[in-house]
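Step one of this worksheet: look at the structure below.
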Amino acid sequence: MPIPFNRPTNVGNELEYIQQAIQSSHLAGDGNFTKKSHAILEQAMNVPKALLTTSCTHALEMSALLLDLKEGDEVIVPSFTFVSTINAFVLRGVKAVFADVRPDTLNLDESKLEALITPKTRAIVVVHYAGVGCEMDAIMGIANRHHIPVIEDNAHGLFGKYKGKDLGTFGVMATQSFHETKNLTSGEGGALLINDEKYFEDAEILREKGTNRSRFFRGQVDKYTWVNLGSSYLPSEILAAHLLAQLEKREEIQSARKKIWETYYKELADWAEENHVQMPFVPAHCEQTYHMFYMLFPNLEARTRAIAHLKERGIQAVFHYLPLHLSPMGEKYGGKVGDCPVTEQISDQLIRLPFYTNMTEDEQKTVINALKEFSV
Ligand SMILES: *Cc1c(COP(=O)(O)O)cnc(C)c1O
């Protein structure tokens, strides 16, 4: 049996909740399943406001609109990330400014951040890669000194912590993804988390086509109307029903993933050392989310051979982000070889092993044994 890189996992109540959503005759957004999902996110993460969205990409677009970013503004973003992290801002005419990452956690390198700030910098977007927190004390210190808002792309970091505080609660806003490749899923889906209450009302309006419909439903106004810019960012109750089933089982999901991650780490540590392969690094002050298991091979040639070796044995291992500053779009913003040397190097070295919540012990053993047969 081939072993895929990812497989979405059902955790129990998804179908029952979707059926309840259908029977309730409320299929559009913001019904009971959405409200319960908001409440769980807010309570579990200690975040003042959570709003489900149709994707993390859309939540990032909302954050760019809420910050009122315009043509000519600059946004700092790690070069080692998914395209949506910056696309959402570029859509507003913003100039992308690419930051390099740390060689240990692969997170934005806080020591190189301040040099990228100009009078035009309007936001700093951080990504907690693999669900391991960025150095938020240093990053928030720099951002606050320059009065620049921070947005956390927390697609990997749901329920992770930095010094005991939830990832997603440091910046003015943060975004989650519930795409099928993430720890918790509704197929496609996301959330905008808001930590600064001055954005609460505008966010609700923006998400509801520019109307004050949310206030109307709470009885705060007696009719609803077009009050500001808007779009449609709310998911249907069918998706929220699927998500709620997963949110309720978050502890089981996370503990199953923890076991898989720790097994990979324990079983592969000696092999990695012999083969000069770098294992993932989690600083002691970070609680990670067990989103993925990655390793850094010594070079591109060894990485390519390892992926082929696993593929021959029916195992799908994959690399990850290509440096954004060297992409055709990145070059439009002046990106060139040498700008982000760590990103350029680790992008060639990284492998992610198959990792999903319902991975069996046998499947994992197959992956581990196959890798141990490989020499760099
Ligand atoms: C998955 C992912 C996204 C996009 O999520 P969608 O919900 O598919 O829009 C954005 N940023 C990062 C870091 C991701 O991993």
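Residues: numbered from 1 along the sequence shown. Whatever order the structure lists them in is the order used to number ligands and atoms, beginning at 1. Keep in mind that this is a model prediction, so the values were computed, not measured.
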>> Quick test: of every protein heavy atom, which one is nearest to atom 3 (C) of ligand 1, and how far off is it to 0.1 Å?
In response: F82 CD2, 3.5 Å
>> Just to confirm my output: which protein heavy-atom neighbour is closest to atom 9 (O) of ligand 1, and how far is it?
In response: T57 OG1, 2.5 Å
>> I'd like to know if the side chain of D196 and the backbone of V172 have a donor-acceptor N/O pair within less than 3.5 Å.
In response: no
> Where does F80 meet ligand 1, judged by heavy-atom distances below 4.0 Å: at the side chain, the backbone, both, or neither?
Replying inline: neither
> Without hydrogens or angle criteria, can the side chains of H325 and E344 be said to hold a donor-acceptor pair below 3.5 Å?
Replying inline: yes
> For the hydrophobic clusters of this structure (ILVMFWY residues joined by side-chain heavy atoms under 4.5 Å, transitively), does one cluster hold both I18 and V11?
Replying inline: no
>> Any nitrogen or oxygen of H156 lying under 3.5 Å from a nitrogen or oxygen in ligand 1? Just yes or no.
In response: yes
> For atom 7 (O) of ligand 1, which candidate among A191, G131, S177, A130 provides the closest heavy atom?
Replying inline: S177
>> I need the atoms of ligand 1 closer than 4.0 Å to a non-hydrogen atom of S55, numbered in the order shown.
In response: 7 (O), 9 (O)
> Is the shortest distance from a Lys or Arg side-chain nitrogen in R305 or E301 to a carboxylate oxygen in the other one below 4.0 Å?
Replying inline: yes
> Among protein heavy atoms, which sits nearest to atom 14 (C) of ligand 1, and what does the distance come to when rounded to 0.1 Å?
Replying inline: A155 CB, 3.4 Å
> Any idea which atoms of ligand 1 are less than 4.0 Å away from a heavy-atom of C56?
Replying inline: 4 (C), 5 (O), 6 (P), 7 (O), 9 (O), 10 (C)
> Can you list every pair that meets ring-ring contact (aromatic ring centres under 6.0 Å, His included) and has a residue in residues 55-106, with sequence neighbours left out?
Replying inline: H58-Y233, F80-Y129, F80-Y321
>> Closer than 4.0 Å to some heavy atom of Y321 - which atoms of ligand 1 meet that?
In response: 13 (C), 15 (O)
>> Tell me which one of K266, K259, K258 satisfies salt bridge (charged side-chain N to carboxylate O under 4.0 Å, His left out) with E262.
In response: K258
>> For T263 versus I368, what's the shortest heavy-atom pair and its separation?
In response: CG2-CD1, 4.1 Å
> What's the shortest distance from atom 11 (N) of ligand 1 to any protein heavy atom, and which residue and atom give it?
Replying inline: D153 OD2, 2.7 Å
> If you count the atoms of ligand 1 from 1 in the order shown, which ones are under 4.0 Å from a heavy atom of G189?
Replying inline: 7 (O)
> Do any pairs count as a ring-ring contact (aromatic ring centres under 6.0 Å, His included) and have a residue in residues 9-54, sequence neighbours left out, and if so which ones?
Replying inline: Y17-F33
> Hey, is ligand 1 close enough to S84 that some N/O pair sits below 3.5 Å?
Replying inline: no
> Does any N or O atom in K182 lie less than 3.5 angstrom from one in ligand 1, N or O only?
Replying inline: yes
> Of R207, K35, K36, R218, which meets salt bridge (charged side-chain N to carboxylate O under 4.0 Å, His left out) against D30?
Replying inline: R207
